[in-house]
Amino acid sequence: MARVRPLSGFPELTPRDRVVEAHVLSTLREVFALHGYGEIETRAVEPIDRLAGDSEASKEIYVLQRLNAEGDAEAKLGLHFDLTVPFARYVEENQGALQFPFRRWQIQKVWRGERPQEGRFREFYQADIDIVARETLPEHLESEVAIVMARALGRLPIPSVTMHVNNRALVEGFYRGVGIDDVAGALRSVDKLDKIGPDGVRAELAEQGVSETAADAALELARISSPDASFAAAVEDLWETTTKVEDPSDAQEQLARGIASLTALVESVNAAVPGTAVADLRIARGLDYYTGSVYETFMDGHEGFGSICSGGRYDSLVAGGGFPGVGMSIGVSRLVALLLSAGLVSATRGVPSAVLVAVTDEETRAASQGIADRLRDRGIPCEVAPSAAKFGKQIQHADKRGIPFVWFPAPDGDGQVKDIRTGDQVDADADTWEPPAADRWPGVSAADPA
RNA sequence: GUGGCUGUAGCUCAGCAGGUAGAGCAUCGCGUUGUGGUCGCGAGGGCCGCGGGUUCAAGUCCCGUCAGCCACCCCA
């Protein structure tokens, strides 16, 4: 038999690390549900022609095909590479059964055939929330998703986060006003500002045929940011002083709408979750279907991790038009991998058991199992020692697994339970004894801020 | 998908210029015959990632491959 080997980009966690991932997942579910979002789960596959919207993305798609398919049969199914495409199909398919605006959360694995690196995998969890409307999507919902995500992230055992927000209409209006026609292309270049610097962006824009003055204006715009509404005045000043196209009235109108929308977003998010949102006019997002608010979220002090939660507003979820919506997505696997490798979080233990019931000798194993079952009846996770080794060994067995309590049965009664961290040992009754709430199940602790 | 760096014990890493594989920690045993963690003594543990090549001789040099990481690309 061939030796087993890891598969590049398909990581598997130890039980202890999975405790961290599971904790993150359940925390997100709870916060999403608290805000009225319902869960859906979609199938793992979609027709390839639906997935492969553009040829760029299609290179990443894993296809699904029967091993013994006819030799010339073309693969028709592919694994989804995000949750937005399947969600769009789901909404279209079930529109008669859904109430709008429709809020949903969805946490599933997705697959991308990319070259793996730390925190970048080929199979990973994504956690999405979206709200879609049938006809028009009220603007306040663009604030709502940001607030829900900010609260969800706030509940995780991670450092505080800052959500950088921008508005596509604002940027597009501005760009068109200064004579940049390929708005999407320009955005992609400006998005690289951190990586390639202002001169790099200028060079890329020049290649796209953007004039020097327009490129400078775009870079000036990207420099503006504020944790409140004061960005608006800065944008308006820049607009006044910059060289514009012959008739910028349409562009100016679009710009004004974007400014108003971004102002409302920053103010309402910060009212709900103070200190979270920053209007940052450099945030672009590579995806070109966004039309309104766009979001990128960074962990304070760990900006190098990149965005851990992002999204935006789109005018139309489905190809034929209709169903405007807004959504955000957390790359859970990426986030968890980065947290673990940076030592920012750890599980309190890797096994569920809060108690190890010791075995005095094999003749009385049944008595130990009886104690364990009575604890389980009351929802206390426990296990029975694998062998009747010396008690010192049994304590070590518990200690290595992080099990905080060892129960020593006695011939006459239930015996005693010992907290092996403190050494405290007390008489106990298996029908009434309770571990502290914090010890009952494995938990996740944030690293002490150094 | 393109380019680069790395791969030696469970972990972190030494290994000289090609000359029979090492340390610390961890593990196991005993001292300590039924309540651990200290200390002392001892032991086990290696397809030197995998395959091929050069050489009298390869952990060491060359090629390929796989895996991890980094930069592109793209994004979570």
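Every heavy atom of this structure was used, including side-chain atoms; hydrogens, water molecules and symmetry mates were not. The sequence lines fix the lettering, A, B, ..., with proteins before strands; numbering per chain opens at 1.
In this model, the phosphate group of B:rC66 is not approached by any side-chain N or O of A:Ser8 to a distance below 4.0 Å at OP1 or OP2.
When heavy atoms are screened at a 4.0 angstrom cut-off, A:Gly415 is found touching no nucleic acid atom at all. Residue-level contact check: A:Lys109 touches neither bases nor backbone, having no heavy atom under 4.0 Å from any strand.
For A:Arg122 and A:Tyr62, the positive end is not near the middle of the six-membered ring at less than 6.0 Å and at most 45° from its axis. A cation-pi contact, defined as under 6.0 Å to the ring centre and within 45° of the axis, is absent between A:Arg313 and A:Tyr289.
If you check B:rG1, B:rC73, B:rA76 against the side chain of A:Arg120, the one that comes closest is B:rC73. Side-chain proximity of A:Gln117 to B:rA76, B:rA67, B:rC72: nearest is B:rC72.
With respect to the salt-bridge test (charged N to carboxylate O, under 4.0 angstrom), the residues A:Glu212 and A:Arg202 do not qualify.
Counting only distance, with no hydrogens or angles, the side chain of A:Arg349 and the backbone of A:Arg401 share no donor-acceptor pair below 3.5 Å.
Separating the CG atom of A:Asp128 from the C1' atom of B:rC75 is a distance of 13 Å, rounded to the nearest angstrom.
Residues A:Tyr314 and A:Asp130 bring a donor and an acceptor atom of their side chains to less than 3.5 Å of each other.
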Response to the item:
Nucleotide by nucleotide, nucleotides 28-41 of chain B touches protein heavy atoms under 4.0 Å in the pattern (B base, S sugar-phosphate only, - none) SS---SBBBB----
Worksheet item: Just the dot-bracket of RNA chain B, please: which string comes out with Watson-Crick or G-U pairs under 3.5 Å, [ ] for crossing, | for another strand?
Response: (((((((..((((.....[..)))).(((((.......))))).....(((((..]....))))))))))))....
